[in-house]
Every structure is written in structure tokens, then in C-alpha cells.
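Scroll down for the structure; my scribbles are underneath it.
These figures come from a predicted structure and were not determined experimentally. Because only heavy atoms are used, hydrogens play no part in the values below, and waters and symmetry mates are left out as well, while side chains stay in.
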Amino acid sequence: MATNFLSTANTFLLPPSSSSQSLSYVYYPIKCSVKRQVNPPSVSKRGLSISIVTSLVLSLGGKGCFVDHANAAILEADDDEELLEKVKRDRKKRLERQGVLSSSKKETGYLQDLVYKLSEVGQAIESNDLPKAGSVLGKGTDTDWVQKANIALNKLSSSAEEKSEVDIFNSSLASLISSVASNDVESSKLAFVTSAAAFEKWTSMTGLVGQLKGL
């Protein structure tokens, strides 16, 4: 679009000289047209802001992913190290336990006798033959086989969890003897299941489950 600069003609008169003649000059303005230059496409402020923000997000996002991966690698390495240490501790405990069991043949024999006693009592209770179960159990927890079983249980228990199972076993065994003596079939069955489960769990925790027959 052209822009026109127009003006009316202006006459410039020189002041009269001493002579009688006067000169006059007439100025005619020049008609000019200036073409607007076509500027290259510009980026709006909004577009520039979006571009900058996007670049920052992508940049920070990339760094975040890198940091996340790095942290994950560190945590994974820590987990692997902890797992390795746990394996070493478990192996050491297992070797120590095997050494204790190897040197406790007498106690293992007591426990094997306990397995046989519980098996006989269980078969008798299942048949509702409480008199036979009572003859195997005896009249109380001070019988010889119960005392020997407790010697073995206490010697081979090293953790609080194992000792807790021993307490459960002794409590349920006492209840079993009392229920059988009272000719209470249902209570006898319940007490037998509880005592047998506690003993079986204890043997699993101590590593004896594979060394005793009848489990």
C-alpha cells in the first residue's frame, strides 16, 4: 500500500530589493510514494514463551529421567548388597545350626521318641480311644519322655520365635493330657492338633524337619 505525501504549493517571495523589480520563486512539492517493506515472519511473544517453556520441560524431563535411573541403579545396588549380606548371614546360621545338630545326637533321639509318642496319641484320639491315648501320654507333664523332649527343645531353640513355639507346644500338651484324662474327646482333638502343629513348625524353623522320621 503506497503512502502519499502531498502539500499545496508554497510561494517563497524574496523581500523587495532596492530596485523596483522583485523576484518570486514558486516551490512545487514532490509527490513521493514509499512502498512498505515486507518483513520476514516474526515469532509472537506467546509462541516464543511456549517454545522456551517446552524446551525447559524437555530438558528438565530428560535430566529427571537420568536422575531417576541413576537413583534406581543405586537402590538396586543397595538391595543386591543387602540381599548378599542376608544370604551370607543365613548360610552362617545354617552351618552353625548343622554343627549344633551334629553334636546333639542324644537330643535328636529324644525328639524322635516325641514324634512316635504323638503319632500313637493321634491315632488313638482319631479312633476315640482316649484310654489308649492316656496310657501313652501318662498322668502329667513330669513323665520321663516329656522331660527329655523339653531338654532337647530348649537346647536346640536359639531364636525368640523358636522358644515361643516351644511354649505353645508345652501349653497345648498339658491341655491334651488334661483333656484326655477328663475323657473330653473334642478338647483332646483340639489340643492334639495345636501341640502337633507347634512342634512341626518348630522343627521347620530349626531345620530338624528333614532329620526326624514320621513328620
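- In this structure, CG in Leu208 is found 10.5 Å from CD in Glu107, a value given to the nearest 0.5 Å.
- Side-chain atoms of Ser135 come within 3.5 Å of backbone atoms of Lys132 as a donor-acceptor pair (strictly under, hydrogens ignored).
- Using a 4.0 Å cut-off between charged nitrogen and carboxylate oxygen, Asp144 and Lys148 count as a salt-bridge pair.
- Interatomic distance, CG of Leu153 versus OG1 of Thr203, reported as 10.0 Å (0.5 Å rounding).
- The distance from atom NZ of Lys155 to atom OG1 of Thr108, rounded to the nearest 0.5 Å, is 9.0 Å.
- What you find for Leu176 and Ser195 is that their closest heavy atoms are CD2-OG, 4.3 Å.
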Hey, mind stepping through Lys189 and Asn128 against side chain to side chain contact (heavy atoms under 4.5 Å, CB included) and telling me if it holds?
CA-CA 9 Å; Lys189 290 180 179 180; Asn128 293 328; 3.7 Å; yes

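- Of all heavy-atom pairs between Ile125 and Ser188, the closest is CD1-O, 3.9 Å.
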Under the side chain to side chain contact (heavy atoms under 4.5 Å, CB included) rule, what do Trp202 and Leu111 come out as? Steps first, then yes or no, please.
CA-CA 11 Å; Trp202 179 88; Leu111 295 176; 3.7 Å; yes

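- Considering every non-hydrogen atom in both Gly138 and Ile177, the closest pair reads O-CG2, 3.8 Å.
- Formation of a donor-acceptor pair under 3.5 Å by the Gln147 side chain with backbone atoms of Thr143 is not found in this model.
- Heavy atoms of other residues, nucleotides or ligands lying less than 6.0 angstrom from CD of Gln112 number more than 12.
- Contact detail for Leu137 and Trp145: the closest heavy-atom pair is O-NE1, 3.3 Å.
- Val136 and Tyr110 end up in different hydrophobic clusters when Ile, Leu, Val, Met, Phe, Trp and Tyr side chains are linked at under 4.5 Å.
- Listed for the Thr194 side chain is a donor-acceptor partner under 3.5 Å among the backbone atoms of Leu190.
- Within a 6.0 Å sphere centred on NZ of Lys201, heavy atoms belonging to other residues, nucleotides or ligands number 12 at most.
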Let me see the working for Val146 and Asp142 under side chain to side chain contact (heavy atoms under 4.5 Å, CB included), right down to the final yes or no.
CA-CA 7 Å; Val146 175; Asp142 57 348; over 6 Å; no

Val115 vs Phe199, test: side chain to side chain contact (heavy atoms under 4.5 Å, CB included). Steps then yes/no.
CA-CA 9 Å; Val115 173; Phe199 178 68; 3.6 Å; yes

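- Within the 3.5 Å criterion, the main-chain N or O of Phe169 finds a donor-acceptor partner in the side chain of Ser172.
- Judged purely by atom type and a 3.5 angstrom limit, Ser127 uses its side chain to pair as donor or acceptor with the backbone of Gln123.
- Atoms CG and CG, on Leu173 and Leu118 in that order, are 7.0 Å from each other to the nearest 0.5 Å.
- Of all non-hydrogen atoms in Ala133 and Ala124, the two that sit nearest each other are N-CB, 3.7 Å.
- Residue Glu162 holds its CD atom at 12.0 Å from CG of Asp167, rounded to the nearest 0.5 Å.
- Remark: Glu126 CD is loosely packed, at most 12 non-hydrogen atoms of other residues, nucleotides or ligands lying under 6.0 Å away.
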